[in-house]
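We name chains A, B, ... by the order of the sequence lines, and we start the count at 1 in each one.
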Protein chains: 2
Amino acid sequence: MTAPRAWQVVLDAVERDLLEGRLSPGDHLPAERTLAVDLGVGRSSVREALRVLEVLGLIRTAVGSGPSAGAIIVARPGGGMSALMRLQVAAQGFPVADVVKTRLVLEGAIVTELAAGDSPDLTASAQILTAMERQTLTQAEFLALDAAFHLSLAEASGNQVVTATMAGLRSAIEGYARAGAAGLPSWPATSVRLMHEHRGVLAAILAGEADAARLAMHAHISGYYAETHLHEH
Amino acid sequence: MTAPRAWQVVLDAVERDLLEGRLSPGDHLPAERTLAVDLGVGRSSVREALRVLEVLGLIRTAVGSGPSAGAIIVARPGGGMSALMRLQVAAQGFPVADVVKTRLVLEGAIVTELAAGDSPDLTASAQILTAMERQTLTQAEFLALDAAFHLSLAEASGNQVVTATMAGLRSAIEGYARAGAAGLPSWPATSVRLMHEHRGVLAAILAGEADAARLAMHAHISGYYAETHLHEH
DNA sequence: TGTAACCTGTGGTCAGACCACACGACGAGA
DNA sequence: TCTCGTCGTGTGGTCTGACCACAGGTTACA
């Protein structure tokens with residue numbers, strides 16, 4: 001048995017406490033110094049483990065004293081998924097094409113389920129579309145709202161895993177989306193088309209037309225990707 | 001502008017080096033002490049960032065000297081995705097039901113694509129099924145091969161993102177699968193049924209019957225989940 | 001009673017030390 | 001000349017101790 005690394009001991013201990021109910025969302029972790037003594041490791045090893053937990057979106061840390069200070073279990077997977085996918089794309093572990101294909105699968109499933117569902121709550125998505133129709137938006141603002149729209153559909157599905165994964169995929173290719181938009185021949189024309197496609201997707205969902213919604217979303221995503229991909233090299 | 005945390009500086013520097021091509025898979029990161037001096041932070045902060053990169057599957061570290069020592073970019077997303085999803089499930093950020101639903105979506109898409117593809121290479125998957133038919137397997141060995149089979153289908157699809165996500169989802173609910181299997185009334189009967197379902201999925205893919213393959217996989221996953229879920233408490 | 005000063009415990013960071021390890025260079029011996 | 005063992009060196013892994021900024025509670029004073 002090879003000796004486990006000290007930070008791994010801390011990580012395992014926290015995971016075990018979570019699985020066995022000794023730790024739940026909202027709870028405080030023991031202080032770093034206490035954890036170090038209890039687990040028989042140095043404080044620096046504890047901190048390495050806590051850093052991992054923080055990046056993974058499991059805890060939030062705050063300095064000072066009082067109830068809001070210290071490390072608290074939060075279980076917000078979005079940030080961790082974004083960091084993971086963004087870095088994997090940067091390190092060429094995730095090809096951009098695979099990210100886009102995965103978006104097609106997930107968003108297709110999302111809109112299919114939403115359309116099949118009984119009166120899903122899409123007011124948030126509709127509000128985002130309304131905000132996007134303002135003519136004073138910069139390109140960056142438009143793209144941010146575009147991302148928010150897609151994410152709001154995932155949230156409407158109620159699936160935490162899909163929502164977090166979508167957030168990660170989106171942030172992973174955010175740079176490509178921005179660079180691609182900058183190289184388009186006519187941004188106004190493209191943005192208007194994207195708006196219409198968004199409205200079309202939303203309308204198909206609300207009409208309960210699952211297949212139409214899926215195809216519209218598919219065309220929306222792959223269309224933009226193809227268009228921007230043509231102009232980069 | 002709030003001061004960025006020291007480890008964040010390191011993480012950002014590495015990400016920038018990756019994006020701008022100064023670092024590629026197989027390259028060595030500078031030594032921890034060098035990195036600390038170059039970025040103007042302490043070595044412990046560098047180590048916190050490297051720990052994150054290691055857990056995320058971006059680097060591999062080794063002690064000693066020579067070409068294989070040090071921190072090397074590897075971009076293996078499987079481990080990071082597994083850690084992220086396992087911990088999020090443990091911390092109740094990811095409901096198990098959502099994990100299963102996501103599996104249904106992804107594995108359905110995988111087999112659909114494989115069936116539609118032109119003569120996919122499924123020899124690895126077939127070999128795993130053959131290995132599963134040995135009668136001397138323990139329950140744990142059977143479950144491990146079961147996981148390997150599902151993962152091999154993802155790998156056959158060639159999509160790195162889907163493969164890594166599948167690996168993460170699987171490991172996140174591994175504990176539940178094991179606990180559920182232990183509570184089944186008749187494990188031999190269940191394992192035989194699972195085997196038949198696997199064969200059915202594979203046959204449908206090879207026959208090019210996309211819809212049949214998707215439905216078979218859907219029934220396979222949701223069936224096992226429903227069966228084990230009934231017997232746990 | 002209200003307020004200001006202080007105390008305490010927290011995470012954030014750094015510096016330094018030591019260890020085990022693995023490779024590569026060097027030198028002694030055949 | 002070749003082989004093999006030794007030693008040096010640089011690496012990550014870990015621990016310890018120290019200091020800081022911060023935020024809250026506590027206390028003492030007006």
Mind calculating the distance between [atom1] ([X]) and [atom2] ([N]) to the nearest angstrom?
| X | N | atom1 | atom2 | answer |
| --- | --- | --- | --- | --- |
| B:Arg43 | D:dT14 | CZ | C1' | 9 Å |
| A:Leu50 | C:dT10 | CG | C1' | 12 Å |
| A:Arg33 | C:dG11 | CZ | P | 7 Å |

Taking only the side-chain nitrogens and oxygens of [X], find out if one of them lies under 4.0 Å from OP1 or OP2 of [N].
| X | N | result |
| --- | --- | --- |
| A:Arg47 | C:dG12 | yes |
| B:Arg51 | D:dG12 | no |
| B:Ser68 | C:dA22 | no |
| B:Ser65 | C:dC21 | no |
| A:Ser44 | D:dG13 | no |

Quiz prompt | Closest listed nucleotide, where the reference is the side chain of A:Ser45 and the choices are C:dG24, D:dC15, D:dT11 | solution =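 Given the options C:dG24, D:dC15, D:dT11, the side chain of A:Ser45 is closest to D:dC15.
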Indicate, with a heavy-atom threshold strictly under 4.0 Å, whether [X] touches base, sugar-phosphate, or nothing.
| X | value |
| --- | --- |
| B:Gly64 | base |
| B:Ala36 | nothing |
| A:Gly42 | sugar-phosphate |
| A:Arg5 | sugar-phosphate |
| A:Ala69 | nothing |

Self-check item: Residues forming a side chain to side chain contact (heavy atoms under 4.5 Å, CB included) with A:Ala31, sequence neighbours excluded
Solution: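 Only A:Thr34 meet the side chain to side chain contact (heavy atoms under 4.5 Å, CB included) criterion with A:Ala31.
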Quiz item: How about A:Arg43: does its CZ atom have over 12 heavy atoms from other parts shown lying under 6.0 Å from it?
Solution: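 Yes, the 6.0 Å shell around CZ holds more than 12 heavy atoms from other groups.
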Under 3.5 Å, sequence neighbours excluded: what are the donor-acceptor pairs made by side chains of residues 60-71 of chain B?
| from | atom 1 | to | atom 2 | distance (Å) |
| --- | --- | --- | --- | --- |
| B:Thr61 | OG1 | A:Arg5 | NH2 | 3.4 |

